[in-house]
Amino acid sequence: MKLQELKLKIKDEFKNTLIELGYFEEGLQIELESPKDKSNGDYSSNIAMKLARIARKAPFKIAEEIVEKFDKTEVFVSEIKVANPGFINIYLDKAFLTEIINDINSQGEEYGTLDLGKGERLNIEYVSVNPTGSLHIGHARGASAGDSLSRIMKKAGYDVTREYYVNDAGNQINNLALSIQARYLEICGIPTEMPKDGYHGPEIIESAKRFFDEFGTKFVNNKNAFEFFKENGVQNLLNELIKDLKDFGVEFDVWFSEKTLYENNLVAKTVEFLKENNFTYEFEGALWLKTSNYNDEKDRVIVKSDGTYTYVTPDIAYHKNKLERGYTMLIDILGGDHHGYIDRITAALEMVGGKSGILEIEILQMVKVLQNGEEVKMSKRSGKAITLRDLIDEVGVDPIRYFFAMRSLNTHMDLDLDLALKQTNENPVYYVQYAHARINSIFNTAKSKGFNVDDLPTTFTTLSSDKAFELISLLANFEDALRQSAIQRAPHKVTNYINSLASAFHSFYNDEQVITADHTNTMERLALLKATKTILKIALNLVGVSAPNKM
RNA sequence: GUUUCGGUAGCUCAGCUGGAUAGAGCAACGCCCUUCUAAGGCGUCGGCCGGGGGUUCGAAUCCCUCCCGGAAUGCCA
């Protein structure tokens, strides 16, 4: 029997007891919570306190009556007792608790897969930065969050597609082409002024240089030059971006090109659809979408008076396309500066046939970067930014991924760059990875001492210490942590869990010698540690952090 | 002005579907390696949980209100 089932049975037994005592009323919710402090039991119930007013009795007294009547024989309860001011604390049978070790060891890294997603087809879109320059630290947060959430949702049983929307059409791309062209001409010895809204980052110069290396001065006086730089410049920068993301442990299943929306006439068709269904009107020469009918604060222009589209228009077509591809859930992860965009796109999505609530938008707050105590402003246009590449090279992937994964999505983060670069050893990621490496090292020692670590015990008679059972109880909590993390779209819940598991292990390790002359005891502890190691690895993988065997 | 996110230890942040003495890391101080990795453990120090009201047996958590900070408020993307 699994822990979840047992929990239900215990609730049933509570219900029976309450009925017997005459306290039960229809609609009364019986809840079991896991106390923070394990000395208060594996589960506890506040039911006596809830009943106090209805029954007009002191909660402590009611609790005592319940405890008296509670039949613990069939529900693996070893002890049930009352605590002030009226909590009922339940202690489970140790033999039952140790079952979790077998569950984990028999399933290995498959352990913990949930069926929360039950056939849902989920599309998660994240990063989606215009390919007009290098990724910076803010994008890194988006990449990290999107990737971690994707992994978590997948583990929770959703059918996940990870998608990147490539803005390879529109004004910014023209500016990019002009910027590269200007740099290219400079390299060819023709001083050229950068366009007004040009991009000044070093990656633009590098891109131009690459074209020069390959084609020489071929595009100096060439009427196709602009088209060439547009086409290849985007590809060039996109390749860099893909590489950076991949090195950051972030990959995508679908790279969706905005250009193809136009090529397939989807934007025009979407506008047509909106017109035909009476969702639009003309005003001052522009075409407006009645988003205010769907909770947006005002209507939005989708075709400007000069006949061109606003940026939302292709976005609507894009999201409509997602619907047509059969997804039952859509999640967009966007930066904090896009929060005004939520209402209009959800409104538009309903107009094109999306069920209300099908699109969820997770907003990531900004990362404030501090250096020498001062804020470093991030700007792609100016080219002054801490790039993802710099971070990967100087800090390393694991510390950054863990750092981002520790924070909830909607907290404003301060990142002290001097600290991140210098004191990497103090990053909590090492604490957690060290736990994994330590366990591995124990196994190496055990092997060399002749223990058969491939044939670990499945019944436990010698595990008894508090530290061991704290570890066991945390192992049992993993599924719950994963579930909460998935439901709340909160990767940092997994990270918090990892931290407490690592902490419980380190504490256990310091308290007792694993490998001793007592063969049975040693083998049982090894089984416990194997399960711990597995969970650490699974959980670290969920946030995109490696689990090294040696440090 | 409006919308939105935040305000918890010296710093960076958890805890927020109400529960038991408010947690972690870093910083400061003190112990613990003849034994499986000391990137570790144990302990001390440190909090009007932004202010004020309210709901409740019980509020960091829910409601109201005010204050402070970030972001957004384009026929830019």
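Every chain is numbered from 1, with letters handed out A, B, ... down the list of sequences.
- Here the separation of B:U8 from B:U3, taken at their P atoms, is 24 Å to the nearest Å.
- Of the candidate nucleotides B:G6, B:C42, B:U73, B:U73 has the atom nearest to the side chain of A:Glu297.
- Nucleotides B:U56 and B:C62, compared at atom C1', are 10 Å apart to the nearest Å.
- In this structure B:U17 sits in no base pair that meets the Watson-Crick or G-U test at under 3.5 Å.
- We find that CG of A:Asp299 is positioned 18 Å from P of B:U73, with the value rounded to whole Å.
- Distances from the side chain of A:Lys298 to the nucleotides B:C16, B:G74, B:G19 place B:G74 closest.
- For A:Asp414, counting side-chain heavy atoms from C-beta on, the closest listed nucleotide (B:C13, B:C75, B:G41) is B:C13.
- Using a 4.0 Å heavy-atom cutoff across all strands shown, A:Ala437 reaches at least one base atom of the nucleic acid.
- Within the 4.0 angstrom heavy-atom criterion, only backbone atoms of the sugar-phosphate kind lie near A:Lys493; the bases stay farther away.
- Rounded to an integer number of Å, the gap from CG of A:Leu32 to C1' of B:G18 is 17 Å.
- Looking at A:Asn427, its side chain has no donor and acceptor atom pair within 3.5 Å of the base of B:A39.
- Comparing B:U61 with B:A20, their P atoms sit 13 Å apart, to the nearest whole Å.
- Rounded to whole angstrom, the span from the CD atom of A:Glu33 across to the C1' atom of B:A20 amounts to 9 Å.
- Under a 4.0 Å N-O distance rule, the pair A:Arg483/A:Asp480 qualifies as a salt bridge.
- When the P atom is compared between B:C33 and B:C11, the two are found 35 Å apart, to the nearest whole Å.
- In this model, the phosphate group of B:C36 is not approached by any side-chain N or O of A:Asn444 to a distance below 4.0 Å at OP1 or OP2.
- The glycosidic torsion of B:C33 lies within 90° of 0, which places this base in the syn conformation.
- Put simply, the side chain of A:His339 and the base of B:U3 share a donor and an acceptor less than 3.5 Å apart.
- Among the atoms of the strands shown, base atoms are found under 4.0 Å from some heavy atom of A:Phe87.
- For the OP1/OP2 pair of B:C13 and a distance below 4.0 Å, the side-chain nitrogens and oxygens of A:His412 include no atom meeting the criterion.
- Atom P of B:G47 sits at a distance of 26 Å from the matching atom of B:G40, rounded to the whole Å.
- Using a 4.0 Å heavy-atom distance criterion, A:Ser507 is classed as a sugar-phosphate-only contact.
- No engagement by A:Asn295 is indicated, since no non-hydrogen atom pair under 4.0 Å with the nucleic acid exists.
- Ring pair A:His506/A:Tyr431: centre-to-centre distance below 6.0 Å.
- At a threshold of 4.0 angstrom between heavy atoms, the contacts of A:Thr310 are confined to the sugar-phosphate backbone, with no base atom among them.
- Considering only side-chain N and O atoms, A:Thr516 lies nowhere under 4.0 angstrom from the phosphate OP1 or OP2 of B:C36.
- B:A60 and B:G52 have their C1' atoms separated by 16 Å, with the value rounded to a whole Å.
- Among the atoms of the strands shown, none is found under 4.0 Å from any heavy atom of A:Asn440.
- Not one side-chain nitrogen or oxygen of A:Lys467 sits closer than 4.0 Å to the OP1 or OP2 atom of B:G41.
- Distance check on atom C1': B:C16 versus B:U73 gives 28 Å, rounded to whole Å.
- Atom name P, nucleotides B:C64 and B:C76: the rounded distance is 37 Å, in whole Å.
- Base pairing of B:G30: its partner is B:C42, meeting the Watson-Crick or G-U wobble criterion (both donor-acceptor distances under 3.5 Å).
- Using a 4.0 Å heavy-atom criterion, one finds that A:Gly336 contacts the sugar-phosphate atoms exclusively.
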Pairs under 3.5 angstrom only: tabulate donor-acceptor contacts from the side chains of residues 339-348 of chain A to other protein residues two or more places apart or in another chain.
residue  : atom : partner  : partner atom : Å
A:Tyr341 : OH   : A:Asp315 : OD2          : 2.7
A:Arg344 : NE   : A:Gly340 : O            : 3.4
A:Arg344 : NH1  : A:Tyr311 : OH           : 3.2
A:Arg344 : NH2  : A:Gly340 : O            : 3.2
A:Thr346 : OG1  : A:Ile342 : O            : 2.8
A:Thr346 : OG1  : A:Asp343 : O            : 3.1

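- Among the nucleotides B:G41, B:C13, B:U17, the one closest to any side-chain atom of A:Met413 is B:C13.
- Across all strands shown, A:Ala446 has no heavy atoms under 4.0 Å from either base or sugar-phosphate atoms.
- Listed nucleotides: B:C36, B:A14, B:A20. Nearest to the side chain of A:Lys36: B:A20.
- Applying the 6.0 Å contact sphere to NZ of A:Lys304 captures more than 12 heavy atoms from other residues, nucleotides or ligands.
- The side chain of A:Val514 lies closest to B:C36 when the candidates are B:A20, B:C36, B:A39.
- Using the six-membered ring where Trp is involved, A:Phe256 and A:Tyr318 have ring planes that are tilted, between 30° and 60° apart.
- At the phosphate of B:A38, OP1 or OP2 sits under 4.0 Å from a side-chain N or O atom of A:Arg438.
- One can place CD of A:Glu362 at 12 Å from P of B:C5, the figure rounded to the nearest angstrom.
- Every residue two or more places apart in sequence or in another chain that forms a ring-ring contact (aromatic ring centres under 6.0 Å, His included) with A:Phe14 is listed here: A:Phe70.
- When all heavy atoms of A:Leu178 and A:Pro195 are compared, the closest pair comes out as CB-CG, 3.8 Å.
- Where A:Asn167 and A:Gln484 each meet RNA chain B at their nearest nucleotide, the meeting point lying more 5' is that of A:Gln484.
- At a threshold of 4.0 angstrom between heavy atoms, the contacts of A:His338 include nucleobase atoms, whether or not backbone atoms are also involved.
- The partner of B:A9, taking Watson-Crick or G-U wobble pairs whose two distances both stay under 3.5 Å, does not exist in any strand shown.
- Residue A:Tyr509 is classed as a base contact, given a heavy-atom separation below 4.0 Å to a base.
- Look at B:U3: its Watson-Crick or wobble partner, with both distances under 3.5 angstrom, is B:A71.
- Within the nucleic acid shown, A:Ser44 comes within 4.0 Å of at least one base atom, counting heavy atoms only.
- Within the nucleic acid shown, A:Glu512 comes within 4.0 Å of at least one base atom, counting heavy atoms only.
- Checked against B:G41, B:G19, B:A20, the side chain of A:Met49 finds its nearest nucleotide in B:G19.
- In terms of polar N and O atoms assigned as donor or acceptor, the side chain of A:Ser305 comes within less than 3.5 Å of the base of B:C75 in a complementary pairing.
- A:Asp37 comes within 4.0 angstrom of a nucleotide base, judged by non-hydrogen atoms across all strands.
- Salt bridge annotation for A:Lys368-A:Asp416: absent, with no cationic side-chain nitrogen under 4.0 angstrom from a carboxylate oxygen.
- Which of B:A20, B:C36, B:A39 sits closest to the side chain of A:Ile515 comes down to B:C36.
- The side chain of A:Gln365 has B:C5 as its nearest neighbour among B:C5, B:G40, B:A14.
- With RNA chain B read from its 5' end, the first of the two nearest nucleotides for A:Phe283 and A:Asn84 is the one closest to A:Asn84.
- Shown here for A:Thr532 and A:Leu475, the closest heavy-atom pair between the two residues is CA-CD2, 3.8 Å.
- Nearest to the side chain of A:Gln513, among B:C75, B:U12, B:C36, sits B:C36.
- A cation-pi arrangement is not found for A:Arg407 relative to A:Phe404, the charged atom failing to lie both closer than 6.0 Å to the ring centre and inside a 45° cone about the ring normal.
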